[in-house]
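Just below is one structure, and these are the notes that go with it.
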Amino acid sequence: MDRQLIMERVRAEMPERRWRHTEGVIETAIALAIRYGEDPKRAELAAIIHDVAKFWSIERQGNAIRDNGLDQEVLGYDKELWHAVVGAWVAERDFGVTDGGVLDAIRYHTSGRRGMSKLEKVVWLADYIEPGRDFPGVDAIRALSEEHLEKAVLAGLDGTIGFLIAKGKRIYPLTIEARNGLIEELHA
Ligand SMILES: [Fe+2]
Ligand SMILES: [Fe+2]
């Protein structure tokens, strides 16, 4: 499906403020892709679609996961993770995305995972630091994102995990794995 049409379809799925977040992710993902030698078109496509299912009801997200044989494991964890799995499925089924790397960048944009591709790191980080994000420490990670992709993603994962611990929430195993993997990568 044509990129412009995908943008219109995604925009129709969310309130205007979330679309502004998506525009920020698109802009940031393109810039990071160019900086770190990833294809900006692939980063842009994943960024456009990444939150397509974010504003679906939880019932609809859960049903999409159960009824279509998607990753059932996320159902046992934070509902914030579900829209990423559903988003990858929508990208393939409704928007005809066939690039598995783009689909994975959507699928893992919230959790991360061990052995993230460069595209996955770019989209994960863009989602974390896009210009609309405002939380303590975000500027330090923005600065780091201009110097070292892996170090910036690691700092972001530390922030995410620290936040979950502070809130008394469980941590999805893939997020721990993502962090372990990055530390190994940085020390290899
Ligand atoms: Fe998201
Ligand atoms: Fe997002």
Side-chain angles (χ1 to χ4, degrees), residues 3 6-33 38 40 42-62 64-65 70-71 73-95 97 101-113 116-135 137-139 141-142 145 149 152-153 155-157 159-161 163-164 167 169-175 178-179:
R3 194 165 298 251
I6 294 176
M7 286 180 87
E8 284 167 25
R9 293 274 201 93
V10 173
R11 187 175 191 164
E13 296 284 345
M14 58 186 66
E16 199 52 31
R17 68 179 166 82
R18 199 65 187 186
W19 178 250
R20 283 198 297 277
H21 157 75
T22 296
E23 287 179 324
V25 178
I26 293 167
E27 171 195 315
T28 308
I30 290 171
L32 288 171
E38 181 49 78
R42 297 175 79 212
E44 180 187 27
L45 184 59
I48 290 169
I49 303 171
H50 83 287
D51 272 344
V52 66
K54 179 92 178 173
F55 286 86
W56 289 19
S57 71
I58 283 303
E59 291 72 30
R60 188 177 173 203
Q61 291 182 38
I65 292 170
L70 311 183
D71 178 5
E73 202 199 342
V74 289
L75 295 173
Y77 289 90
D78 203 320
K79 294 181 174 60
E80 291 293 313
L81 295 161
W82 299 8
H83 75 283
V85 174
V86 177
W89 170 73
V90 171
E92 187 171 20
R93 189 198 63 160
D94 295 344
F95 302 151
V97 176
V102 169
L103 295 174
D104 282 341
I106 299 168
R107 182 173 295 122
Y108 299 108
H109 86 262
T110 311
S111 61
R113 63 165 168 169
M116 291 166 83
S117 68
K118 191 183 286 181
L119 183 64
E120 288 169 44
K121 291 170 186 165
V122 160
V123 174
W124 192 95
L125 186 59
D127 190 41
Y128 199 76
I129 63 167
E130 62 91 4
R133 296 288 198 199
D134 184 19
F135 54 83
V138 69
D139 283 331
I141 298 177
R142 284 189 184 116
S145 78
L149 179 64
V153 175
L157 285 165
T160 298
I161 291 168
F163 174 82
L164 291 169
K167 292 267 172 194
K169 291 194 172 190
R170 282 169 303 167
I171 298 163
Y172 188 48
L174 282 192
T175 304
R179 181 174 181 274

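The figures here come from the full heavy-atom set of this structure, side chains too, leaving out hydrogens, waters and symmetry mates. As the structure lists them, so they are numbered: ligands from 1, and atoms in each ligand from 1.
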Leaving out waters, which are not shown anyway, how many protein N, O or S atoms lie closer than 2.8 Å to the Fe ion (ligand 2)? 4
Applying side chain to side chain donor-acceptor pair (under 3.5 Å) to Arg133 and not counting sequence neighbours gives Asp127
Answer yes or no: is there a donor N or O on one side and an acceptor on the other, between the side chain of Arg142 and the main chain of Glu130, under 3.5 Å? yes
How close do Val74 and Trp82 get, counting heavy atoms only, and between which atoms? O-NE1, 2.8 Å
Among residues at least two apart in sequence or on other chains, which ones pass side-chain contact (heavy atoms from CB on, under 4.5 Å) with Phe55? Met14, Pro15, Arg17, Arg18
Taking all non-hydrogen atoms of both residues, which atom of His50 and which atom of His21 are closest, and how far apart? NE2-NE2, 3.3 Å
Side chain to side chain donor-acceptor pair (under 3.5 Å) involving Arg93 - partner list, sequence neighbours excluded: none
